[in-house]
Amino acid sequence: MTDSVANNIARMMTTVKGCTNATISRSDYIPEYQVDFDREKLAINGLNVATASSYLRNRINGTTASYYREDGDEYDIIVRYAPEFRQSVEDLENIMVYNAQGEGIRIRDLGKVVERMTPPTIERKDRERVVTVSGVVGAGAVLGDVVKGVQAGIAQMDIPSDVSLVIGGAFEDQQDTFKDLFTLMLLIIILVFIVLAAQFESLVDPFIIMFSLPFAFTGVFIGLAVTGTPLGVMALIGVVMLVGIVVKNGIVLIDYTILNRERGKSVTNAVIHAGRSRLRPVLMTTLTTVFGMIPMAIGTGEGSEMWRSMGMTVAWGLSFSTLITLVIVPVVYCIFAGNGIKRRRHKMAITYSD
């Protein structure tokens with residue numbers, strides 16, 4: 001059953017765009033002789049399956065009776081039937097098996113010798129038989145698109161209920177890597193927030209600074225969509241890098257804004273002065289990083305297809321987030337700072353009235 005399913009899947013995979021060289025791990029079946037022992041006849045003759053099988057195996061495959069030593073070398077002396085006595089079904093049926101009383105019984109009196117087709121190897125995983133159908137992703141094809149095509153083809157097939165299908169290989173490794181990178185990204189965001197909260201001694205200011213992160217991710221997806229670059233492992237590594245790179249522009253703006261407010265400026269004037277004074281440093285740091293990633297993003301040398309997505313991710317995400325940071329972060333800061341001032345005034349008014 002599994003062989004027919006595997007063959008159908010292999011034929012289907014050859015029709016999927018981008019998938020080539022569909023192969024099946026199980027080779028062609030080969031003929032072999034098998035003995036079906038009758039347990040009742042074995043019991044009548046004082047034998048069991050293990051004893052009868054051992055006799056049969058020793059006469060066909062042979063048993064090591066002794067060793068021959070010559071000039072320091074040792075050779076096994078294997079005793080078994082001559083080839084002309086173990087070739088046909090009749091030869092196997094005439095093989096003699098002896099019980100504990102020394103009585104000889106032929107194999108044909110204990111069971112039946114049949115010829116069957118069996119696989120040369122049987123693969124197992126978790127005590128279950130498995131057959132692996134492998135395919136190669138062609139040049140220029142995307143692994144995710146190929147997997148979607150295969151899944152669509154499998155959905156249209158009539159798979160028996162007792163046969164389970166699992167897509168593994170490079171796709172499984174990719175999904176595990178994605179899961180680890182998403183977990184790592186979440187931990188990095190939390191750690192960055194903790195560090196900023198400790199430095200600014202506030203929970204609001206780090207939130208305002210990290211408000212630019214969603215726009216960085218938006219820039220990444222826009223860049224990947226515009227350039228037609230698939231979201232791969234290296235692209236996700238670039239996204240993880242962006243978490244630490246993007247917040248620096250917000251730190252520069254918010255830190256100088258807080259300094260201006262400590263010098264007695266109003267919220268609006270502090271934000272405007274910080275934006276005007278820190279515009280050039282923000283643009284300089286952003287442009288140097290983006291220009292540094294351009295050779296990686298547009299490279300065409302050997303192995304460039306692996307690093308191109310990382311450079312593309314960092315360049316697009318940082319550029320988009322910088323433009324948003326110069327506008328959104330000051331606006332959000334004004335909103336939070338204004339609300340904070342209103343709350344303090346309301347609290348003081350209540351205190352005075354009391």
Side-chain angles (χ1 to χ4, degrees), residues 184-223 238-294 311 313-354:
L184 178 63
M185 189 186 308
L186 179 62
L187 293 176
I188 290 175
I189 292 174
I190 295 174
L191 291 175
V192 170
F193 184 85
I194 292 174
V195 171
L196 293 178
Q199 293 298 318
F200 284 96
E201 298 180 354
S202 171
L203 296 177
V204 177
D205 293 337
F207 175 78
I208 297 172
I209 293 172
M210 300 187 70
F211 199 78
S212 58
L213 281 179
F215 298 99
F217 299 152
T218 303
V220 169
F221 293 125
I222 291 176
V239 173
V240 173
M241 294 169 55
L242 276 177
V243 176
I245 297 175
V246 165
V247 297
K248 63 182 179 59
N249 293 332
I251 293 173
V252 171
L253 283 175
I254 299 302
D255 183 64
Y256 196 67
T257 302
I258 295 174
L259 179 62
N260 287 331
R261 290 193 62 191
E262 292 175 351
R263 291 175 178 175
K265 294 181 181 294
S266 64
V267 175
T268 304
N269 290 333
V271 169
I272 294 174
H273 188 263
R276 184 185 301 115
S277 301
R278 290 294 177 260
L279 177 61
R280 192 167 69 173
V282 168
L283 293 179
M284 288 173 59
T285 54
T286 300
L287 291 176
T288 53
T289 305
V290 172
F291 287 158
M293 288 293 170
I294 287 179
T313 298
V314 175
W316 277 87
L318 184 57
S319 300
F320 197 82
S321 67
T322 300
L323 297 177
I324 299 299
T325 299
L326 294 174
V327 178
I328 297 297
V329 171
V331 172
V332 175
Y333 181 84
C334 289
I335 295 173
F336 277 87
N339 292 334
I341 293 174
K342 290 179 181 179
R343 284 194 300 269
R344 285 194 297 270
R345 287 177 179 175
H346 182 67
K347 185 177 181 181
M348 291 176 62
I350 295 176
T351 303
Y352 289 150
S353 63
D354 293 341

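Scope of the values below: all heavy atoms of this structure, side chains included, with no hydrogens, waters or symmetry mates.
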## Note on the structure
All heavy atoms of Ala270 vs all of Arg261, minimum pair found to be CB-CG, 3.6 Å
### Query
Of all heavy-atom pairs between Cys334 and Val271, which one has the smallest distance, and what is that distance?
SG-CG2, 3.5 Å
### Message
Using 0.5 Å steps for rounding, measure from the CG atom of Leu184 to the CD1 atom of Ile188.
### Response
4.0 Å
## Note on the structure
Here the pair of heavy atoms bringing Val290 nearest to Leu318 is CG2-CD2, 4.1 Å
### Query
Is a side-chain donor or acceptor of Ser319 paired with a backbone partner of Trp316 at a separation under 3.5 angstrom?
no
### Message
Pairing donors with acceptors under 3.5 angstrom, does anything connect the side chains of Asn249 and Thr325?
### Response
no
### Task
Quick one: closest heavy-atom pair of Met293 and Ala315, and the distance?
CB-CB, 4.4 Å
### Exceeds 12 heavy-atom contacts within 6.0 angstrom, atom CZ of Phe193
yes
## Note on the structure
residues 270-283 vs side chain to side chain donor-acceptor pair (under 3.5 Å), sequence neighbours excluded, gives Asn260-His273
Quiz: residues 196-218 side-chain donor-acceptor pairs under 3.5 angstrom, not counting sequence neighbours:
residue : atom : partner : partner atom : Å
Ser202  : OG   : Val204  : N            : 3.1
Ser212  : OG   : Ile209  : O            : 3.1
Thr218  : OG1  : Pro214  : O            : 2.9

### Task
Evaluate the side chain to side chain contact (heavy atoms under 4.5 Å, CB included) criterion for residues Asp255 and Leu259: first the C-alpha distance (whole Å), next the side-chain angles of each, then the deciding distance (0.1 Å), finally the verdict.
CA-CA 6 Å; Asp255 183 64; Leu259 179 62; 5.7 Å; no
#### Entry: From Leu253 atom CG to Ile258 atom CD1, the distance as rounded to the nearest 0.5 Å
11.0 Å
